[in-house]
K.L.:
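Please read through the structure below; I'll follow up with questions.
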Amino acid sequence: MHGLERRVAVVGVGQSAFTRSCGVSIRELCFEAFKEAMEGLNLSPKEIEASIVCSAPEYDKQRTPSGLIAEYLGLTPKPTFLVETICASSTTGVGVAYSMVRAGLKEVVAVVGFQKMSELTSAEAQERMGRGGDVMWESPFGIMMPAQYAMYARAHMRQYGTTEEQLAKVREKNSRYGALNPKATFRKPVSVEDVLKSRVIASPLKLLDCCANADGASCVILASEGRARKITDTPVWVAGWGSASDTMTLANRTSFTGLTCAVEAARDAYRMAGVEPKDIHVAEVHDCFTIAEVMAYENLGFCKPGEGGKLIEEGQTYIGGRIPVNVDGGLLSKGHPIGATGGSQVRTIVHQLRGDAYKIHPDLQVKGAEVGLVHNVGGVGLYANVLIFRR
Amino acid sequence: MERFGRISYTSESKVADFVKFLAEGKVMATRCKKCGSLYFPPRADCPQCLSGEFEWVPLSGRCRLVTFTVAHFAPTGFEGDVPYALAVAECEEGVKVFTRVSKSIAFEELKPGMEMKLAAVKVGEDKYSFELVKP
C-alpha cells in the first residue's frame, strides 16, 4: 500500500527548563514546551490533528490530564489521549504518533510529555516509588529503583569487573555537558572524586550515581512527508523505532548484567532503519543511574557486553570520541521529569541532526551528525524504546 | 494476602495459601498440573498452557546469591528498617527469588555466587515473609 510507504518526520521539538520546582501549573509547563516546538514552523495549533499526552499519572494531581493539556494548548476538538510507560512514556507517545502518521490516519500529531514531581511531598513521592515494583511480591520487602539498579550494578561489576570509578566517570562526563545546557537542573561540573565521596544510597550506587526527580515538559511534533516539507525546511526523519518490555518481577528476569528489553528494542530499531551501531553519530541514552548508561552502551551495541566500563574510561562517549552520548547532560544533569524525559532526549537528537545544537550551547554540537539514536527506558528495564533519526 | 510481608499492598489472591504455608515455616512454589511448569513467586494461572490447575510444591531452600544491594534509603513505611540487604537468589529448582537477606548476616560477608538458604520468617504480629539465611 502506498500509505505504508509514507515517511514521517519530526518537524518541531521543545522543552521547558527542567527544575526541582517550576513554580507554574502543569498546563503552563506544557505550554512552554509546546511553544518552543512550534517556533518557526508554518503550522497553527488548529492544524494539529491529534495530541498524545505522556505522564506517569500516579504523580499527577489532575485526573486524566490529556483533556486539560489539549484544551490549554488549543488542540481541542481533535482527539487526545494519555500514554504511559513510566519513564519511557514520551517515546512511547512518539512511537504511537509515528504509527498514526505512517498509517495515513493523521498528517500532524503532537506528543506532549510532562511531570511535576514537586506537586507531591517527598513522603508521598516515596510511597509511590515503593509501589514501582511488583506490589504483591516485591514492594512488601521495601524496594525502590536505586536498589533495583544497584543489583544490576553489583552483578555487572561481579561479571565484568566494572568499577565504581568507571560508573563515576559517566556522571563526570554528563555533568560537564549539563553545565552547558541552560535547561538542565544541575549545572555544576562534578568530578569522579565527588561521586565516589557522595553518600551511599543503595550499594554500590551513591547519591551522585543517581538522577533526581524534576519538574518539566517536552514536546515533539510529527508530520507526514508531504506536510513536513511545507511546515519546515529542516525535517528530521524517523528511521527506526523498536519497543519492548521485560517482566516487572525481578525474580523472573533472565539477566542482571543488561536490560534485555533494550537489546530487543535496539535490534528492531536498527533493522527498521537499516543501520548498525557503528553508523550512529550521536546518542541520548537513559542514564537514570550511571550503571544504566554503561549497560546502554552494551545493549545498544556501541561496545561488546562487559566493555561499557572501558568505553567510558577511554573517553569514547565524549564529544570527539567514537560515539558521543548524552551531550546535553543526560538525566543525571537535566533531572528526570518522568513523562517529559523521552521527549527531551528526542529534542536533543533533532537539534544535533539539524546542526542547530548551538541553540542549546555552541560547544555541544557533534559535527556532521547525520544519524542519531534515542534510548529511553521505563522502570528498571521494564519498558524500552529505541528511536533512530536521520537528517 | 494482608499477612504477607512487612507492609502488604495486595488484599486478595488465588495463591493466598502461600502465607498460611509461611506461617508453618514452609516456602512453597506452584506447579502447573497440566504442563509441569514451576512458578515462584507462585501463580494460579499458567501462561504456557493457560491451565488453572495447580499444586503446591515445597522449595528445598538451597539457593545461590545472584546479586544484592544494601539499601540505605527506603520507601515510606520502611524508613526504620535501613540499612537492609535486598537480593536475588537462584534456587536449585531453577526458579529465582527476590527477597531480603537476614540481618543475622553481616553485609561484608555477602558475595554473589555464595550459597544461601531460603527460609520462612515471622516479621510482625501475624505477619509472615521469607528471607535468605546462612545454609
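Nothing here was measured: the structure is a model prediction, and the numbers come from that model. Note that these values count all heavy atoms, side chains included, but never hydrogens, waters or copies made by symmetry. Naming: A, B, ... by sequence-line order, numbering from 1 per chain.
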K.L.:
Can you check whether A:F141 and B:F130 have ring centres sitting under 6.0 Å from each other?
P.N.:
yes
K.L.:
Donor-acceptor pair, distance only, cut-off 3.5 Å: does the side chain of B:T69 make one with the backbone of A:M151?
P.N.:
no
K.L.:
Going by side-chain contact (heavy atoms from CB on, under 4.5 Å), B:F98 matches just one of A:T249, A:D134, A:I143. Which one?
P.N.:
A:I143
K.L.:
Are there more than 12 heavy atoms of other residues, nucleotides or ligands under 6.0 Å from atom CD of B:E55?
P.N.:
yes
K.L.:
Checking B:F73 against chain A: side chain, backbone, both or neither under 4.5 Å from a heavy atom?
P.N.:
both
K.L.:
Under a 4.5 Å cutoff for heavy-atom pairs, which residue among B:E79, B:R100, B:R6, B:K111 has the most contacts with chain A?
P.N.:
B:R100
K.L.:
With chain B, which of A:G132, A:P204, A:A153, A:A147 has the greatest number of heavy-atom pairs at distances under 4.5 Å?
P.N.:
A:A147
K.L.:
Which region of A:R131, side chain (C-beta onward) or backbone (N, CA, C, O), has a non-hydrogen atom less than 4.5 Å from a non-hydrogen atom of chain B, or is it both or neither?
P.N.:
side chain
K.L.:
Any side-chain heavy atom of B:S13 sitting closer than 4.5 Å to one from A:M136?
P.N.:
yes
K.L.:
Heavy atoms only, distances under 4.5 angstrom: which of A:L205, A:L250, A:V135, A:N252 has the most pairs with chain B? Name it, please.
P.N.:
A:V135
K.L.:
Contact part of A:R158 toward chain B, heavy-atom cut-off under 4.5 Å: side chain, backbone, both or neither?
P.N.:
side chain
K.L.:
How many angstroms lie between CZ in A:R154 and CG in B:L86, if you round to the nearest 0.5 Å?
P.N.:
11.5 Å
K.L.:
Can you name the nearest heavy-atom pair linking B:Y9 to A:E127, along with the distance?
P.N.:
CE2-OE2, 4.4 Å
K.L.:
How long is the span from the OG1 atom in B:T67 to the NE2 atom in A:H156, to the nearest 0.5 Å?
P.N.:
11.5 Å
K.L.:
Report yes if the side chains of B:P75 and A:M144 come closer than 4.5 Å at any heavy-atom pair, otherwise no.
P.N.:
yes
K.L.:
Quick check: do B:P42 and A:W137 have side-chain heavy atoms less than 4.5 Å from each other?
P.N.:
yes
K.L.:
Nearest 0.5 Å, please: how far is CZ in A:F256 from NZ in B:K96?
P.N.:
6.0 Å
K.L.:
Hey, which of B:P112, B:A85, B:G77 has the most heavy atom pairs under 4.5 Å with chain A?
P.N.:
B:P112
K.L.:
B:Y84 side chain to A:G142 main-chain N or O, any donor-acceptor pair under 3.5 Å?
P.N.:
yes
K.L.:
So which part of B:V88 gets closer than 4.5 Å to some heavy atom of chain A, the side chain, the backbone, both or neither?
P.N.:
both
K.L.:
Among A:A125, A:P146, A:S139, who wins on heavy-atom pairs under 4.5 Å with chain B?
P.N.:
A:S139
K.L.:
If you measure from CZ on B:F78 to CD on A:Q126, what distance do you get to the nearest 0.5 Å?
P.N.:
12.5 Å
K.L.:
Does atom CZ of B:R43 have more than 12 heavy-atom neighbours from other groups under 6.0 Å away?
P.N.:
yes
K.L.:
Is A:E124 atom CD crowded by more than 12 heavy atoms from other residues, nucleotides or ligands, each under 6.0 Å away?
P.N.:
yes
K.L.:
Heavy-atom pairs under 4.5 Å with chain A: which of B:A74, B:P83, B:P41, B:A71 has the most?
P.N.:
B:P41
K.L.:
Just wondering, more than 12 heavy atoms not from B:E92 lying within 6.0 Å of its CD?
P.N.:
yes
K.L.:
Take a 6.0 Å sphere around NZ of B:K103 and say whether it holds more than 12 heavy atoms from other residues, nucleotides or ligands.
P.N.:
yes
K.L.:
Checking heavy atoms, do the side chain of B:I7, its backbone, both or neither come under 4.5 Å from chain A?
P.N.:
backbone
K.L.:
Which bit of B:A89 is near chain A, if near means a heavy-atom gap under 4.5 Å: side chain, backbone, both or neither?
P.N.:
neither
K.L.:
Counting only non-hydrogen atoms closer than 4.5 Å, does B:F18 touch chain A with its backbone (N, CA, C, O), its side chain (CB onward), both, or neither?
P.N.:
side chain
